[in-house]
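The structure under discussion is supplied below as structure tokens; questions concerning it will follow.
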Amino acid sequence: MSMLNKRKVNDGILQGITYGASFFSLFVLLAIIGFVFVNGVHLLNWDLITHNYTAVSFIADLKEGTGPGNYETDQVFAEGTYYSDKWGIALADDTNVQGKNVVLVVYVNPQSPFASLHDKGISTVPIPLEKDYEIIRIAFDGASSALSVQGAQNMITILDGQNSFRELEFSTSGGGIRGSIITTMYLIFFTLIIALPIGIGSAIYLNEYAPNNKFTRLIRLLIETLTGVPSIIYGLMGLAIFVPITIQLTDATGGNIISGSMTMAVILLPIIIRTTEESLKVVPDDYRYASLSLGASKTQTTFKIVLPNAFSGILTATLLAIGRIIGESAALVFAIGTTIKDTVKITDKSASLAVHIWAMMTDEPANIELSTTIAIIILFIVLTLNISIKLISKGMMRKFGANA
Amino acid sequence: MIEMKKNKHPHFQKNAVIDEVVKSLLFGFALLSSSFIFIVAGVILVKGFSPFFSDNGGLGAVNIIKFLTGDTWLTGEAFHSNLYSVGFIIVSTVYIAILSLAISLPIGVLTALFIAKIAPKKIAATLRTVVEMLASIPSIIYGLFGAGIILKLVYNFSAVIGYQSKGGNSVIATVIVLAIMTIPTIASISEVAIRSVDKTLEHASLALGASVTQTHFKVVLAAAKSGIFTSAILGIGRVLGEATAVSLVAGGRRSGLSFDILDTTSTLTTIMLEGLKETSDLDYDIRFSVGIVLMVVILLTNIILNVVKRKVGNVDVK
């Protein structure tokens, strides 16, 4: 009896450990999602996606012959926005992408002197103040400056009491990730253009044409071996081969989006080949026989009958590839570089969203807020892709039965 | 697959030519895909060996014996030296890999056991989805999570025991991040192995009077040994090759081997990323040499684990 009791206790302990371990995964997932949301969600807005990362600041003064007047407007402003009829400008308090309090330009009357400002250094260059710029300070002759820390209402009040100003310092708003989003999209586009034809072509050869012999098995083994190579090694390869090739062929001077895409394509080949081949295997041989017996050639059969029926597999491969490109960082750090760019050029360095996170986290001090905001975007895309892939494979299962 | 009968009609002849062209084109693609492994290996080998033979722009050739066994990594940029050693980093990389596997293997395997044998269908399906989602999260986000949460935990914990850690950057933080990254890999592969264990083994165990839990642990897991080993091999591959996530929590260590889990550390991958943004010449090229070491370490680990697997994994699995 006591032995059975002891067994019960032992079983209970083991079961408890098993339950605990299983829910650890759930706990980790919730912790990660919770962490990125708590830290990043307050920066998540439309400005983040449309703005540049680097803020540029200007110092400007009034163009000769312009000054205060009566610039009434029939625009209706939200509460908390202050408009000066005298200067034709509307300001509001806001928090920028980095979470700092700033005074934001909401509206500039086209006739306003602010719409025709001059750069103070080289006073022939016009730099008009525009919506969404941040005003840092306005300095006056014989009066104390209006500073952004004192708020928008205060700034408008001071402006209304003055008839001219000495200089105005303002900046375009930074901290956005527009450039990195564009880079990521370019990367996805070029990588797929390179990887899909080679990958799908290889899969078709292996499944439809290759004889079952040692050489074919060797080809499979070599392709399979690629999956075991860590991505940082691919990065080094890209740096040593694809970067010099693109420098030779284009106007690139170092790592660039094309060399990054080529590197990503090599990383993705085994995944694309395996997924496509699995979907080709599922297409019943009857389809092939039927097509061939109707007089279609092997090529026609492969491309007009087999391939369209394997479409969902190719779609799965594409979605898997997109997810991998969005998440990849180590390989791209070497194959493109870590420079965060606002003006993206395909033959120049720039950072994808994942590399953007890495670059900011390895800077001093690390920018955890913006990093987690980007992480929310990446997580959302990756998890959506994951769910889509599941739905597609369910559909495939329905179409061809249990062997799918 | 399907052999075509040769036909003399001109229309068929034209098709036959197209077939041949298409076939060779596709064969070319397959050949290209399979050749990349040689390109990868070749490039890393050629570039990685050159610092040992070239003059490195006046710094002198790097001593290969010192490189493999030494315990100091001086960046040539800052110190104008050719003293680069990864000996201590190899040890700490393997140390970290073993520690993280010691955490992720039991948790991953038990999760797999729970999903495959214990949980009701709905809970099993939910957990399986959770594991899949975790597997699809990019490693940089695990690194970010590590930098934002685990570093703080480690920092506070070491403060409690009176230890001043470098912002939490430590062996243990690295181990935890790597462990939670590998749990989904281990869980999903082990689950397949556990599910494919022959039911008759279980019935036999239960018929002999063993409890369900005893059967799970002593029969099912033992029978799935081989698959579990495979999951461990894949898991350790991910651990050894992971770079960016680790670089956010390791802290970077340039000299002296330390097994202290609260101390900063370097792995073969973090040293490759160290100071990458502003460097050139030998300090850049030496990263290829570290790449060779990394590939050799991964290859050796794989071979050793596969040998062990063959020795222990001889149980009937259907």
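Lettering follows sequence order; numbering is per chain, from 1.
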Per-residue contact mode, B/Leu299 against chain A (heavy atom under 4.5 angstrom)
neither

Between A/Met361 and B/Leu144, the two heavy atoms sitting closest are SD-CD1, 3.5 Å

With side-chain contact (heavy atoms from CB on, under 4.5 Å) as the criterion, how do A/Tyr209 and B/Val22 come out once you've worked through the C-alpha distance, each side chain's angles and the decisive distance to 0.1 Å?
CA-CA 10 Å; A/Tyr209 291 89; B/Val22 169; 3.9 Å; yes

CD1 on B/Ile140 to CG on A/Leu353, rounded to 0.5 Å
11.5 Å

Measuring from atom CZ of B/Phe27 to atom OG1 of A/Thr216, what distance do you get when rounded to the nearest 0.5 angstrom?
8.0 Å

Between B/Ile107 and chain A, with a heavy-atom cut-off of 4.5 Å, which part of the residue counts as in contact: side chain, backbone, both or neither?
both

Can you tell which part of B/Phe145 gets under 4.5 Å to a heavy atom of chain A, answering side chain, backbone, both or neither?
both

Checked A/Gly238, A/Ala203, A/Ser329 vs chain B; the most non-hydrogen pairs under 4.5 Å come from A/Ser329

If you count heavy-atom pairs within less than 4.5 Å of chain B, which of A/Ile223, A/Ile200, A/Leu206, A/Leu236 leads?
A/Leu236

Which atoms of B/Val40 are under 4.5 Å from chain A, going by heavy atoms: the side chain, the backbone, both sets, or neither?
both

Which of the residues B/Val131, B/Thr244, B/Asn302 is involved in the greatest number of heavy-atom pairs with chain A at under 4.5 angstrom?
B/Thr244

Out of A/Ile232, A/Leu218, A/Thr339, A/Thr225, return the one with the most heavy atom pairs under 4.5 angstrom to chain B.
A/Ile232

Value for CD1 (A/Ile387) from CE (B/Met133), rounded to nearest 0.5 Å, stands at 5.5 Å

Going through the checks in order, is the side-chain contact (heavy atoms from CB on, under 4.5 Å) test met by B/Phe288 and A/Leu239?
CA-CA 10 Å; B/Phe288 285 90; A/Leu239 178 71; 3.9 Å; yes

What's the separation between atom OG in B/Ser34 and atom CG in A/Leu269, rounded to the nearest 0.5 Å?
10.0 Å

Between B/Ile137 and A/Leu29, does the side-chain contact (heavy atoms from CB on, under 4.5 Å) criterion hold? Intermediate values first, please.
CA-CA 9 Å; B/Ile137 294 179; A/Leu29 182 68; 3.8 Å; yes

Considering only heavy atoms, which portion of A/Ile198 lies under 4.5 Å from any heavy atom of chain B: side chain, backbone, both, or neither?
both

With a 4.5 angstrom heavy-atom cut-off, could you sort out which part of B/Leu294 is near chain A: side chain, backbone, both or neither?
side chain

Which portion of A/Asp11 sits near chain B, non-hydrogen atoms under 4.5 angstrom
both

Residue, of A/Leu383, A/Ile368, A/Val355, that accumulates the most heavy atom pairs under 4.5 Å with chain B
A/Leu383

Where on B/Leu248 is there a heavy atom nearer than 4.5 Å to chain A: the side chain, the backbone, both, or neither?
side chain

Under 4.5 Å heavy-atom distance to chain A, tell me which part of B/Ile141 shows up: side chain, backbone, both or neither.
side chain

Okay, B/Val43 and chain A: the region with an atom under 4.5 Å from a heavy atom over there is side chain

Please determine, among B/Ala245, B/Ser211, B/Gly241, the option with the most heavy-atom pairs under 4.5 Å with chain A.
B/Ser211

side-chain contact (heavy atoms from CB on, under 4.5 Å) between A/Leu222 and B/Phe38, intermediate numbers included
CA-CA 9 Å; A/Leu222 292 175; B/Phe38 296 111; 3.6 Å; yes

Exercise: identify the closest heavy-atom pair between B/Ser247 and A/Trp358
OG-NE1, 2.9 Å

Heavy-atom distance under 4.5 Å to chain A: side chain of B/Thr126, backbone, both or neither?
neither

Value for CG (B/Leu134) from CD1 (A/Ile32), rounded to nearest 0.5 Å, stands at 6.0 Å

If you look at every heavy atom in A/Tyr205 and B/Ala30, which pair is closest and at what distance?
CD2-CB, 3.7 Å

Proximal to chain B - members of residues 15-28 of chain A, heavy-atom separation under 4.5 Å
A/Gln15, A/Ile17, A/Thr18, A/Tyr19, A/Ala21, A/Ser22, A/Phe23, A/Phe24, A/Ser25, A/Leu26, A/Val28

Is B/Leu240 in contact with chain A via its backbone, its side chain, both, or neither, using a 4.5 Å heavy-atom distance?
neither

At what distance, to the nearest 0.5 angstrom, does CD1 of B/Ile18 lie from NZ of A/Lys298?
15.0 Å

Region of A/Lys8 in contact with chain B, defined by heavy-atom distances below 4.5 Å
neither

For a quick test of reading the model, state the closest non-hydrogen atom pair linking A/Phe334 to B/Met272 and the distance between them.
CZ-O, 3.5 Å

What part of B/Glu132 gets within 4.5 angstrom of chain A, counting heavy atoms only: side chain, backbone, both, or neither?
both

Please classify the contact of B/Ala124 with chain A as side chain, backbone, both or neither, using a heavy-atom distance under 4.5 Å.
neither

Using non-hydrogen atoms only, which part of A/Val333 is less than 4.5 Å away from chain B: side chain, backbone, both, or neither?
both

I'd like to verify something: which residue of A/Ala240, A/Gly337, A/Gly228 has the highest number of heavy-atom pairs under 4.5 Å with chain B?
A/Ala240

Short question: side chain of B/Asn15, backbone of A/Ser297 - any donor-acceptor pair under 3.5 Å?
no

When the 4.5 angstrom heavy-atom criterion is applied to B/Lys23 and chain A, the contacting part is both

What part of A/Ala31 gets closer than 4.5 Å to chain B, counting heavy atoms only: side chain, backbone, both or neither?
both

